Amino acid sequence: MRTDVAIIGAGPAGLLLAHLLAADGIASVVVETRTKEYVAARIRAGILESASVDLLRAAGLGAGVDAGGDQHRGIYLQWPSQRHHLDFVDLAGRSVWVYGQTQLQADLVAASEAAGRAVYYGTSGTALHDLDTGHPFVTFADSAGTPQRVDAAAVAGCDGSFGPSRSALPADQTSTWERVYPYSWLGILADVAPSTDELIYAWHPDGFAMHSMRSATVSRLYLQVPNGTDTADWPDDRIWAALAARLGHGQDGWTLTPGPVTDKSVLPMRSFVQSPMRHGRLFLAGDAAHTVPPTGAKGLNLAIADVALLAPALGRLVRKNDAALADAYSDTALRRVWRCEHFSWWMTTMLHISGDPFDAQLQLSQLRWVTSSTAGAAGLAENYAGLPIGF
Ligand code: RFL
Ligand code: PHB
């Protein structure tokens with residue numbers, strides 16, 4: 001096959017990139033190891049920044065968010081006996097939307113199928129070739145096991161943290177930075193109306209807890225747990241009891257309503273950046289280039305911001321053989337990546353119990369400042385609600 005851009009990975013980065021390129025008249029072929037159903041069912045992020053929503057709307061993909069998204073003005077930050085609301089609209093002039101990654105993925109798949117774009121699901125053996133030349137290509141076996149080859153002007157590595165694109169960059173020309181955190185999140189999805197109108201981020205001596213949601217009838221909640229935690233050790237009753245304690249059930253009359261748990265998983269937390277995000281004709285986007293711990297709700301939004309920059313860069317490269325934007329892509333994207341890396345690390349270390357009592361006092365001091373100083377609150381709001389795409 002010959003196309004303009006070979007895209008590896010059909011997650012949000014890959015499918016959104018294919019959509020944005022198509023709007024610019026650029027063809028692509030997407031290659032994905034998992035089945036369409038598997039990708040659609042993965043429960044991951046839940047918050048879209050305002051710039052992400054603006055981009056989706058401008059790309060003709062806003063109908064789902066507009067119909068099914070829930071616009072939130074801010075979040076609650078709390079610690080025992082204290083709950084404070086931060087209003088992002090007042091503080092930073094922007095809001096966020098609760099819209100699950102599963103919903104966005106469904107919108108992207110629907111748009112891809114309506115346009116008849118080429119997406120190969122259930123592939124194996126993806127390999128990248130000749131990235132240093134003007135005619136790179138990708139090989140793989142399709143779902144029937146038939147060998148395939150895609151020749152393209154550029155390759156977009158949108159294959160997440162574990163795909164092959166990241167390691168296709170020569171090690172001696174690549175820098176990486178990593179931080180592994182000494183705790184994980186135990187996440188549940190529950191068929192119960194949220195007990196809060198907006199997300200609650202809770203500091204607690206037993207560990208961090210968070211109350212998020214997916215809809216008026218589905219709640220998403222998280223607990224800080226030690227690395228290596230087995231969900232078998234966390235029956236539903238234990239989870240709800242821990243959530244009630246950490247989220248302050250009974251505090252000022254607030255109650256947490258438990259409900260049937262429909263999904264339970266443990267998520268390790270890691271910060272990771274690889275630079276540059278480009279080698280020759282290979283361009284990395286989304287989790288393929290960087291990972292953040294989920295506390296700042298940045299992972300999905302960073303993937304969207306990357307491809308918003310990459311699509312016009314590839315458009316100019318493919319159509320006009322003009323490499324100016326392509327050459328600038330990595331530096332431009334990494335400015336925002338590092339801002340989000342810092343914010344995600346900061347939110348994470350402010351809210352999770354490390355076991356060190358000195359850390360705990362610093363965290364409480366920071367929380368008191370962020371919730372009582374307009375300058376402190378505005379800094380959090382500006383980062384959480386999100387910076388402009390080209391920041
Ligand atoms: P994705 O969504 O991981 O998609 C990459 C796709 O590439 C495919 N792939 C390959 N395809 C072809 N050939 C190969 N050899 C391939 N190897 C892999 C994969 O099957 C996959 O479909 O990356 P993308 O598009 O960059 O999107 C990024 C977001 O998905 C990610 O940042 C967020 O979901 C991160 N994240 C969360 N973010 C939040 O803000 N809040 C959350 O609660 C949250 N939960 C999560 C998460 C990420 C998780 N991962 C990656 C393990 C929970 C989990 C479990
Ligand atoms: C979620 O709803 O899954 C979610 C929301 C905010 C976060 C992380 C996860 O910071």
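Note that ligands are numbered from 1 as they come in the structure, with each ligand's atoms numbered from 1 the same way. Because the structure is a prediction, the values reported are computed rather than measured.
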Quiz prompt | ligand 1-proximal atoms of Cys158, by part, heavy-atom distance under 4.0 Å | solution = backbone
Exercise. Return a yes/no value for Gly299: is any of its N or O atoms, backbone included, closer than 3.5 angstrom to an N or O of ligand 1?
Key: yes
Quiz item: Does Ser161 come within less than 4.0 Å of ligand 1, judged by its heavy atoms?
Solution: no
Exercise. Using modelled atom types only, decide if a donor and an acceptor are shared between the side chain of Arg83 and the backbone of Tyr76 within a distance under 3.5 Å.
Key: no
Exercise. Select one of side chain, backbone, both or neither to describe which atoms of Val98 lie under 4.0 Å from any atom of ligand 2, heavy atoms only.
Key: neither
Quiz prompt | Side chain Gln101, main chain Ala45, donor-acceptor under 3.5 Å | solution = yes
Quiz prompt | Shortest protein contact, atom 6 (C) of ligand 2 (heavy atom only) | solution = Tyr201 OH, 3.3 Å
Quiz item: How far is atom 4 (C) of ligand 2 from its nearest protein heavy atom, and which residue and atom is that?
Solution: Met210 CE, 3.7 Å
Quiz item: In the protein, what heavy atom is nearest to atom 30 (O) of ligand 1, and what distance, to one decimal place, separates them?
Solution: Gln101 NE2, 2.8 Å
Quiz item: Using a heavy-atom cut-off of under 4.0 Å, does the side chain or the backbone of Tyr120 touch ligand 1, or both, or neither?
Solution: neither
Quiz item: To which protein heavy atom is atom 39 (C) of ligand 1 closest, and what is the distance rounded to 0.1 Å?
Solution: Ala45 CB, 3.2 Å
Practice problem: Would you mind checking which non-hydrogen protein atom is closest to atom 3 (O) of ligand 2, with the distance to 0.1 Å? | Solution: Tyr222 OH, 2.5 Å
Exercise. For the pair Asp306 (side chain) and Gly286 (backbone), establish whether a donor and an acceptor sit closer than 3.5 Å, ignoring hydrogens and angles.
Key: yes
Self-check item: ligand 2 atoms in contact with Leu199 (distance to a heavy atom under 4.0 Å)
Solution: 5 (C), 6 (C)
Quiz item: Nearest to atom 13 (N) of ligand 1, what protein heavy atom do you find, and at what distance?
Solution: Thr126 OG1, 2.7 Å
Quiz prompt | Pair Arg336 + Glu49: basic N to acidic O under 4.0 Å | solution = yes
Quiz prompt | Ion pair Arg270/Glu178, N-O distance below 4.0 Å | solution = yes
Quiz prompt | Donor on one side chain, acceptor on other, Arg179 and Tyr181, under 3.5 Å | solution = no
Exercise. Please state which part of Ser212 comes within less than 4.0 Å of ligand 2, counting heavy atoms only: side chain, backbone, both or neither.
Key: side chain
Quiz item: Between the side chains of Asp142 and Tyr121, does any donor sit under 3.5 Å from an acceptor?
Solution: no
Quiz prompt | Nearest-contact summary for atom 54 (C) of ligand 1 - protein heavy atom, Å | solution = Leu267 CD1, 3.5 Å
Self-check item: Pair His84-Gln82, side-chain donor/acceptor within less than 3.5 Å
Solution: yes
Quiz prompt | Single-linkage hydrophobic cluster Leu351~Val292, side-chain heavy atoms < 4.5 angstrom | solution = no
Quiz item: Quick check: does any side chain N or O of Gln224 sit under 3.5 Å from a backbone N or O of Ile353, one acting as donor and the other as acceptor?
Solution: yes
Exercise. Taking only heavy atoms of Gly9 into account, list the atoms of ligand 1 that are under 4.0 Å away from them.
Key: 6 (C), 7 (O), 8 (C), 11 (N)
Quiz item: So is Arg214 in contact with ligand 2, going by heavy-atom distances below 4.0 Å?
Solution: yes
Quiz item: Is Arg149 paired with Asp151 through a side-chain N to carboxylate O contact shorter than 4.0 Å?
Solution: yes
Quiz prompt | ligand 1 N/O within reach of Arg42 N/O, cut-off under 3.5 Å | solution = yes
Quiz item: Looking at atom 43 (O) of ligand 1, what's its closest protein heavy atom, distance included?
Solution: Tyr222 OH, 3.1 Å
Quiz item: Which residue and non-hydrogen atom of the protein lie closest to atom 26 (O) of ligand 1, and at what distance in Å?
Solution: Asp287 N, 2.9 Å
Practice problem: Take Trp338 and Trp177 through the test ring pair (Phe, Tyr, Trp, His ring centres under 6.0 Å) and record every step on the way to the result. | Solution: CA-CA 11 Å; Trp338 275 113; Trp177 296 264; 5.4 Å; yes
Quiz item: Near Arg44, which atoms of ligand 2 are under 4.0 Å from a heavy atom of that residue?
Solution: 3 (O)
Quiz item: Nearest protein heavy atom to atom 4 (O) of ligand 1, by residue and atom, and its distance?
Solution: Gly11 CA, 3.6 Å
Quiz item: With a cut-off of 4.0 Å, which atoms of ligand 2 are near a heavy atom of Ala297?
Solution: 6 (C), 7 (C), 10 (O)
Quiz item: Is a salt bridge present between Asp132 and Arg281, judged by a nitrogen-to-oxygen distance below 4.0 Å?
Solution: no
Self-check item: Test of proximity, Ala288 against ligand 1: N or O pairs below 3.5 Å
Solution: no
Quiz prompt | Salt-bridge present (Asp327, Arg278; N to O < 4.0 Å) | solution = yes
Practice problem: Around atom 7 (O) of ligand 1, find the nearest protein heavy atom and jot down its residue, atom name and distance. | Solution: Asp159 CA, 3.2 Å
Quiz prompt | Residue and atom name of the nearest protein heavy atom (relative to atom 8 (C) of ligand 2), distance in Å to one decimal | solution = Pro294 O, 3.3 Å
Practice problem: Measure Trp185 to ligand 2 on non-hydrogen atoms and call it side chain, backbone, both or neither using the 4.0 Å cut-off. | Solution: side chain
Exercise. Please determine if Arg319 and Asp4 form a salt bridge, counting it only when a charged side-chain N lies under 4.0 Å from a carboxylate O.
Key: no
